[in-house]
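Encoded as structure tokens, here's the structure I'll be asking about.
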Amino acid sequence: MILVTGGAGFIGSNFVLDWLAQCDEPVINLDALTYAGNLENLASLQGDPRHIFVKGNIGDFDLVAKLLTDYKLRAVVNFAAESHVDRSIHGPEDFIQTNIVGTFHLLEALRARWGSLEGEAKAAFRFLHVSTDEVYGSLEKDDPAFAETHRYEPNSPYSASKAASDHLVRAYHHTYGLPVLTTNCSNNYGPYHFPEKLIPLVMLNALAGKPLPIYGDGQQIRDWLYVKDHCSAIRCVLEAGRVGEVYNIGGWNEKPNLEVVHTLCAILDELRPRADGKPYKEQITYVKDRPGHDRRYAIDAGKIERELGWKPAETFESGIRKTVRWYLDNQAWVQNVASGAYLNWVGKNYGERQ
Ligand code: NAD
Ligand code: TYD
């Protein structure tokens with residue numbers, strides 16, 4: 001059995017669904033169900049004995065230690081985190097608590113359990129820490145993409161907290177020999193993406209007739225990866241990655257934000273035209289920039305391709321079309337997600353940008 005933490009969030013839930021679609025190895029899913037955790041993402045697994053959900057915190061040493069022992073877990077994939085840059089700017093504390101202190105307690109529980117194992121069980125044990133390209137900081141227009149050797153230069157409280165967690169994971173390998181793997185991935189998009197992030201937010205606002213907020217000049221570049229490609233990369237690293245190594249994961253899909261929003265508008269014009277026949281791009285509104293906004297991220301995913309043979313299956317064009325269709329076909333999920341807590345956030349983040 002494996003333990004997935006944060007498996008009720010965007011990427012974690014996609015990972016659990018894909019894992020159980022590919023194999024029958026059961027998953028223990030530990031998630032604190034913060035605002036970003038949504039068990040509805042896993043509704044299709046209701047009654048499936050291969051999925052055991054546990055509500056709890058990665059920082060709870062006793063709980064994690066018990067899960068590791070009781071279920072004789074062979075691997076842990078750590079998605080649990082506070083993940084939204086804008087929230088980290090408004091309130092960094094939760095990011096420090098979960099991403100740094102929480103990861104530390106998780107590592108302590110892993111160290112205790114792994115230390116008690118012997119033989120094959122000890123040799124085969126793995127801890128895969130899911131991280132982000134944002135730890136590498138911001139690139140200039142013509143800089144080469146981030147390789148695994150790029151220095152850490154985090155610029156937001158979010159990326160700084162993820163960088164700290166990566167360093168702890170590295171240290172637990174070098175100091176205690178814990179068999180870790182770290183992945184640093186670029187921006188994901190796809191089903192079950194919480195609508196505080198750019199792509200789902202733009203789709204929801206477009207359909208609701210609301211403004212499509214572009215921070216600053218909209219020329220910031222992100223390297224977009226379809227979430228299921230991220231999941232397949234993680235499976236690949238977990239199975240065949242070299243212990244102690246870092247693997248960068250990306251889609252070779254650098255796009256300025258404004259282009260992403262124009263693409264979304266054009267697909268919606270085609271699939272769900274506005275009642276008045278006007279294009280959705282008329283809803284684009286420029287708002288005050290994010291403080292310390294990183295200008296460009298780009299991943300060099302050459303190492304994972306060379307060593308493990310992984311490549312993304314989707315292009316941006318195919319993945320974004322699938323994503324728009326998913327949101328149009330899953331309006332009940334969308335309506336439920338747009339809860340009170342989410343609306344409070346929208347008021348706080350965008351009210352100040354007018
Ligand atoms: P998310 O915010 O959608 O989900 C995070 C999940 O973790 C939620 O279900 C939440 O309830 C849970 N959680 C939060 N604190 C917890 C705690 N203390 N204990 C247990 N569970 C807790 O995030 P996501 O976008 O799915 O990202 C998952 C991971 O991937 C994060 O570590 C993030 O840094 C990393 N990542 C995300 C992206 C991206 O584009 N979204 C890109 C690269 C890496
Ligand atoms: P986001 O989805 O928050 O991911 P990240 O900050 O981790 O890259 O944002 C993606 C890009 O879109 C980022 O450059 C910020 C920008 N953005 C907007 O222009 N408007 C918005 O309303 C949001 C949420 C993001």
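First listed ligand is number 1; within each ligand, the first listed atom is number 1.
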| If you group Ile, Leu, Val, Met, Phe, Trp and Tyr whenever their side-chain heavy atoms sit less than 4.5 Å apart, what else falls in with Ile221? |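 Hydrophobic cluster check, Ile221: no partners found.
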What are the distances between nitrogen or oxygen atoms of ligand 1 and protein nitrogen or oxygen atoms, counting only those under 3.5 Å?
from: ligand 1; atom 1: 2 (O); to: Ser83; atom 2: OG; distance (Å): 2.7
from: ligand 1; atom 1: 3 (O); to: Phe10; atom 2: N; distance (Å): 3.0
from: ligand 1; atom 1: 9 (O); to: Gly9; atom 2: N; distance (Å): 2.9
from: ligand 1; atom 1: 9 (O); to: Asp31; atom 2: OD1; distance (Å): 3.2
from: ligand 1; atom 1: 9 (O); to: Asp31; atom 2: OD2; distance (Å): 2.6
from: ligand 1; atom 1: 11 (O); to: Asp31; atom 2: OD1; distance (Å): 2.6
from: ligand 1; atom 1: 11 (O); to: Leu33; atom 2: N; distance (Å): 3.4
from: ligand 1; atom 1: 11 (O); to: Thr34; atom 2: N; distance (Å): 3.0
from: ligand 1; atom 1: 11 (O); to: Thr34; atom 2: OG1; distance (Å): 3.1
from: ligand 1; atom 1: 18 (N); to: Asn57; atom 2: OD1; distance (Å): 3.0
from: ligand 1; atom 1: 18 (N); to: Thr98; atom 2: OG1; distance (Å): 3.2
from: ligand 1; atom 1: 19 (N); to: Ile58; atom 2: N; distance (Å): 3.0
from: ligand 1; atom 1: 21 (N); to: Ala32; atom 2: N; distance (Å): 3.1
from: ligand 1; atom 1: 23 (O); to: Ser83; atom 2: OG; distance (Å): 3.2
from: ligand 1; atom 1: 26 (O); to: Phe10; atom 2: N; distance (Å): 3.3
from: ligand 1; atom 1: 26 (O); to: Ile11; atom 2: N; distance (Å): 2.7
from: ligand 1; atom 1: 32 (O); to: Phe79; atom 2: O; distance (Å): 3.1
from: ligand 1; atom 1: 32 (O); to: Lys162; atom 2: NZ; distance (Å): 2.6
from: ligand 1; atom 1: 34 (O); to: Tyr158; atom 2: OH; distance (Å): 2.7
from: ligand 1; atom 1: 34 (O); to: Lys162; atom 2: NZ; distance (Å): 3.1
from: ligand 1; atom 1: 40 (O); to: Asn188; atom 2: N; distance (Å): 2.8

| query | Are Arg235 and Glu25 within salt-bridge range, i.e. N to O under 4.0 Å? | reply |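 Glu25 and Arg235: not salt-bridged.
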| message | Ignoring hydrogens and geometry beyond distance, is a side-chain donor-acceptor pair present between Gln220 and Tyr215 at under 3.5 Å? | response |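 Judged by distance alone, the side chains do not pair up.
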Go ahead and list the nitrogen or oxygen contacts between ligand 2 and the protein that come in under 3.5 Å, distances to 0.1 Å, or just say none.
from: ligand 2; atom 1: 2 (O); to: Leu198; atom 2: N; distance (Å): 2.9
from: ligand 2; atom 1: 3 (O); to: Arg290; atom 2: NH2; distance (Å): 3.1
from: ligand 2; atom 1: 4 (O); to: Asn187; atom 2: ND2; distance (Å): 3.3
from: ligand 2; atom 1: 6 (O); to: Arg290; atom 2: NH1; distance (Å): 2.5
from: ligand 2; atom 1: 6 (O); to: Arg290; atom 2: NH2; distance (Å): 3.2
from: ligand 2; atom 1: 7 (O); to: Glu134; atom 2: OE2; distance (Å): 2.5
from: ligand 2; atom 1: 8 (O); to: Asn187; atom 2: ND2; distance (Å): 2.9
from: ligand 2; atom 1: 8 (O); to: Arg222; atom 2: NE; distance (Å): 2.7
from: ligand 2; atom 1: 12 (O); to: Asn257; atom 2: ND2; distance (Å): 3.3
from: ligand 2; atom 1: 14 (O); to: Arg222; atom 2: NH2; distance (Å): 3.2
from: ligand 2; atom 1: 14 (O); to: Asn257; atom 2: ND2; distance (Å): 2.8
from: ligand 2; atom 1: 14 (O); to: His293; atom 2: NE2; distance (Å): 2.7
from: ligand 2; atom 1: 19 (O); to: Tyr215; atom 2: N; distance (Å): 2.9
from: ligand 2; atom 1: 20 (N); to: Pro213; atom 2: O; distance (Å): 2.9
from: ligand 2; atom 1: 22 (O); to: Tyr350; atom 2: OH; distance (Å): 2.6

| said: One thing to verify: whether Lys122 and Glu118 come together as a salt bridge, which I'm taking to mean a side-chain N less than 4.0 angstrom from a carboxylate O. | reply: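 Salt bridge between Glu118 and Lys122, a charged N being under 4.0 Å from a carboxylate O: no.
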| task | May I have all residue pairs that pass ring-ring contact (aromatic ring centres under 6.0 Å, His included) and include part of residues 149-174, sequence neighbours excluded? | result |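 Of all non-adjacent pairs touching residues 149-174, those that pass ring-ring contact (aromatic ring centres under 6.0 Å, His included) are Tyr136-His150, Tyr136-Tyr152, Phe146-His150, Tyr152-His167, Tyr172-Tyr176.
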| task | Decide whether a cation-pi geometry holds between Arg111 and Phe127; the criteria are a distance under 6.0 Å from NZ or CZ to the six-membered ring centre and an angle within 45° of the ring axis. | result |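 The answer is no, since Arg111 fails at least one limit relative to Phe127.
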| message | Whether the Asn184 and Asp166 side chains hold a donor-acceptor pair (N or O, under 3.5 Å, no angle test) is what I'd like checked. | response |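 There is such a pair (donor and acceptor under 3.5 Å, judged by atom type) between the side chains of Asn184 and Asp166.
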| message | Which label fits Trp224 and Phe316: parallel for a plane angle under 30°, tilted from 30 to 60°, or perpendicular past 60°? | response |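 If you compare the ring of Trp224 with that of Phe316, the planes turn out tilted.
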| Given His105 and Phe61, is the ring pair (Phe, Tyr, Trp, His ring centres under 6.0 Å) satisfied, shown in steps? | CA-CA 6 Å; His105 289 302; Phe61 176 94; 7.7 Å; no
